[in-house]
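Residue numbering restarts at 1 for every chain, and letters A, B, ... go by the order of the sequence lines.
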Amino acid sequence: MVKNVLCFIHPDMSWIRDNSMTWSQRFCAHVLTYGEVPKHVAFIMDGNRRFAKKNNVEKQTGHLRGFDKLAETLQWCLNVGITEVTVYAFSLDNFKRTQEEVDALFDLAREKFKRLLEEIDKLNEHGVRVKVIGNLQKLPEDLAKLIAESMLFTKNNNKAFLNVAFCYTGHDELTNAFNYICNGIKNKDLEESDLSVEIIDNCLYTYPSSPPDLLIRTSGETRLSDFMIWQCSYSYIYFTPVLWPEFTAWDFMAAVFMYQRNVRSFIRYKSPTKQLSLRAKQFVESVQQQRLNSLNAIA
Amino acid sequence: MSFQKERKMNNVFVFRIHVIKFVFQVLLGFAHFLYAFYTWLIDQTLFKQPDPWRNQSIDVYGKYKLTKKPNHLVVSVCQEEVFYEHLAKLLSWALFLEVPVVSFYHNENGISSEELFFAFRDQYNNLLTKVSWELGFNDNIKFESKKCINGYKWEPRIKVNILSSNHSKLQLVDALRSICRTEEKFSDTLVMSAIDKTFPMVEPDLVVICGKSCTTFGLLPWHTRVTEFLTLKTHYNVPFSKFYNLLEQYSRHEQRFGK
């Protein structure tokens, strides 16, 4: 459907790049599309620094290679028909790293979001919506502005979705949602009977995305590390020992294959549950509007 | 004439597409079959080891030494029929490896505390002195347990909980309700304390997911932020070596907390 997003001008620097699959990989990917394909895939891109250490290069080079791999992976996702991708780019806990490394990561982000703004026409043409989930207030002002602009410029697109978790933790996201809901109760926009799993769902950063069907974590760690702890309740979690910059299309296809083998054990819990009351729906809309306003203020 | 010819061509085209689709579906089905066969083959060669509590050899304690033990182990059995006899076995092994807290989780309240207790009592009557039955066990069971250890000293070394649907997302809804009721100003610490108050619980260090799929089934979303998830294909008839391997795997993993 959106396969042509790929023909951007400088493929090695772009967010979405030219097809890097070999013909045999493309064949296998095509075979996979005849089974159940996840609609939304989340990635914890772990292992950039270990990759740098292993290959005796700078940490920054490791992170840069990580970004290149992300661009490649987005391509693979589109190839098998996955329309929504969420990636964990920077955790609030990552502020514990050395100032030097944090700055380098922010520089990389600056460069990439600038690049994204240059490509905005192409993104709009192909209907890609970019959303950054996380606590933007903790970011340097100029970077927050770049991010807000990227989000605002693509906010009406609806064919493919890329969510980047930046300055994000699941605890922070839930706390933020709780804050909105508590205010709603105090201002009488909500009543206590409206408190439910669904209202929390609707007040998270990720709203209105569906929860991820498949979560892939590289580098052999078997934790969620505070990533989408609420949303991943009924997702298939695929842990692989490969380091993120070494992640190949075969690893990716193996994850989708394993998803197909396991989807039946949890799919029944995913069906939509309780409907929100009219009052709650209005409240959710107002939360969305407040978030949009604060983005406008940053940009 | 030409219309008929076109229609015929069209039919051939549609037929071709169906054949191609069929071929691809068969290919995918075959790949899944091959994988299933491969895993079955691996299962056949499983090395079975006896229960350490029943193994009389002397060096058994020295042999199973873990460098790092989970403080709270959760066994999640959401995907399978529950076999209490085997859950009791897992509990006894956790006790053997000196894990201080063990919980059993089912997302649809599928674990009966009575049956677990009776299964444990029937198999390991002599170990009842070491077990403290906590969350999800009613007073009758606690009383029954005391009755069984009559004459011996009760020195609990392991706490056992049963977690149910209340320990999934609903848990946070409860916490949210209590936050909304307080007059205090909203802050991060208020959220933390509300969650601690509604569910005082040690964060699980290790979750063993029994079943095919590595899925959390909503288990304690707030508390499993940095928890390790490992999978066990089934809890039915699981050999001790497999269980031990999981804990060993856990003890090898290093936490970084974002650093």
Side-chain angles (χ1 to χ4, degrees), chain A residues 27-28 30-35 91-98 169-172 174-175 177-179 181-186 190 192 195-197 199-201 215 220-227 229-239 257-266 269, chain B residues 21 23-29 31-32 35-36 39 78-79 107-108 168-170 172-177 179-182 186-188 190-192 194 206-207 209 211-231 249-250 253-259:
Chain A
F27 176 79
C28 290
H30 189 74
V31 172
L32 276 179
T33 59
Y34 283 84
S91 153
L92 283 172
D93 291 332
N94 290 151
F95 276 114
K96 290 181 201 157
R97 294 183 181 177
T98 59
T169 58
H171 273 189
D172 177 66
L174 283 167
T175 310
F178 282 13
N179 194 359
I181 295 171
C182 277
N183 282 335
I185 296 249
K186 278 183 189 135
L190 278 179
E192 210 178 290
L195 296 182
S196 62
V197 170
I199 188 87
I200 300 180
D201 271 333
L215 170 72
E221 305 296 347
T222 54
R223 300 180 288 271
L224 295 180
S225 295
D226 219 341
F227 180 57
I229 39 178
W230 175 274
Q231 294 93 332
C232 283
S233 289
Y234 296 109
S235 311
Y236 176 65
I237 309 174
Y238 182 79
F239 295 116
F257 183 78
M258 288 310 288
Y259 167 80
Q260 293 183 340
R261 298 195 63 72
N262 291 301
V263 62
R264 258 176 254 135
S265 39
F266 55 84
Y269 299 107
Chain B
K21 265 192 180 173
V23 168
F24 276 112
Q25 268 161 4
V26 167
L27 268 178
L28 184 62
H32 278 286
Y35 184 84
T39 47
C78 305
Q79 306 173 52
N107 62 330
E108 287 179 320
S168 60
K169 288 181 173 176
L170 287 178
L172 289 183
V173 177
D174 286 345
L176 177 60
R177 197 167 288 130
I179 295 169
C180 290
R181 277 179 193 156
T182 58
F186 188 89
S187 67
D188 292 6
L190 175 65
V191 176
M192 299 268 197
L206 171 63
V207 176
I209 299 171
K212 260 173 58 182
S213 178
C214 184
T215 301
T216 67
F217 286 87
L219 167 75
L220 298 170
W222 184 271
H223 297 87
T224 52
R225 189 169 67 98
V226 289
T227 302
E228 303 273 351
F229 290 97
L230 297 175
T231 48
Q249 212 175 322
Y250 166 80
H253 281 189
E254 192 194 333
Q255 290 271 7
R256 287 175 293 159
F257 303 107
K259 279 189 190 160

Practice prompt. Rounded to the nearest 0.5 Å, what's the gap from CH2 on Trp230(A) to OG on Ser168(B)? Could you check?
Written response: 8.0 Å
Worksheet item: Between atom CG of Leu28(B) and atom OH of Tyr34(A), what is the distance when rounded to the nearest 0.5 Å?
Response: 10.5 Å
Discussion item. Less than 4.5 Å to any heavy atom of chain B: does that hold for the side chain of Leu215(A), its backbone, both, or neither?
Written reply: neither
Worksheet entry | All side chain to side chain contact (heavy atoms under 4.5 Å, CB included) counterparts of Asp188(B), not counting sequence neighbours | Thr175(A)
Worksheet item: Non-hydrogen atoms of chain A under 4.5 Å away: do they reach the side chain of Leu230(B), the backbone, both or neither?
Response: side chain
Item to complete: For side-chain contact (heavy atoms from CB on, under 4.5 Å), just list the numbers for Phe27(A) and Leu27(B), CA-CA rounded to whole Å, side-chain angles, deciding distance to a tenth of an Å, and then say yes or no.
Response: CA-CA 11 Å; Phe27(A) 176 79; Leu27(B) 268 178; 3.7 Å; yes
Worksheet item: If you measure from OG1 on Thr216(B) to CD1 on Ile237(A), what distance do you get to the nearest 0.5 Å?
Response: 5.5 Å
Fill in: Atom of Gly220(A), atom of His253(B) and distance for their closest heavy-atom approach
O-CE1, 3.9 Å
Worksheet item: Which heavy atom of Tyr236(A) sits nearest a heavy atom of Ser213(B), and at what distance?
Response: CD1-OG, 3.3 Å
Worksheet entry | Shortest non-hydrogen separation from Phe239(A) to Cys214(B) and the atoms involved | CE1-SG, 3.8 Å
Worksheet item: Contact part of Phe229(B) toward chain A, heavy-atom cut-off under 4.5 Å: side chain, backbone, both or neither?
Response: both
Response to the item:
Tightest non-hydrogen contact, residues His171(A) and Arg225(B), listed as CE1-CD, 3.2 Å
Worksheet item: Can the ring centroids of Tyr269(A) and Phe217(B) be said to lie less than 6.0 angstrom from one another?
Response: yes
Worksheet item: Does any heavy atom of chain A fall under 4.5 Å from the side chain of Gln249(B), the backbone, both, or neither of them?
Response: neither
Discussion item. Over 60° means perpendicular and under 30° means parallel, so tell me whether Phe24(B) and His30(A) are parallel, tilted or perpendicular.
Written reply: perpendicular
Worksheet entry | Evaluation steps, side-chain contact (heavy atoms from CB on, under 4.5 Å), between Leu170(B) and Val197(A) | CA-CA 7 Å; Leu170(B) 287 178; Val197(A) 170; 4.1 Å; yes
Worksheet item: Within a radius of less than 6.0 Å around CZ of Arg177(B), do more than 12 heavy atoms belonging to other residues, nucleotides or ligands occur?
Response: yes
Worksheet item: Nearest 0.5 Å, what's the CD-CD distance between Glu221(A) and Glu228(B)?
Response: 7.0 Å
Worksheet entry | Toward chain A, the part of Thr182(B) with a non-hydrogen atom under 4.5 Å | backbone
Worksheet item: Considering only heavy atoms, which portion of Asp174(B) lies under 4.5 Å from any heavy atom of chain A: side chain, backbone, both, or neither?
Response: neither
Fill in: Closest approach of Ile229(A) to Thr224(B) (non-hydrogen atoms, all atoms of both residues)
CG2-O, 4.5 Å
Worksheet item: Shortest non-hydrogen contact from Leu195(A) to Cys180(B)?
Response: CD1-SG, 4.3 Å
Worksheet, complete the sentence: The reported gap from NZ in Lys169(B) to OG in Ser196(A) (rounded to nearest 0.5 angstrom) is 11.0 Å
Worksheet item: Contact part of Ala175(B) toward chain A, heavy-atom cut-off under 4.5 Å: side chain, backbone, both or neither?
Response: neither
Worksheet entry | CE-NZ distance between Met258(A) and Lys212(B), expressed to the nearest 0.5 angstrom | 8.5 Å
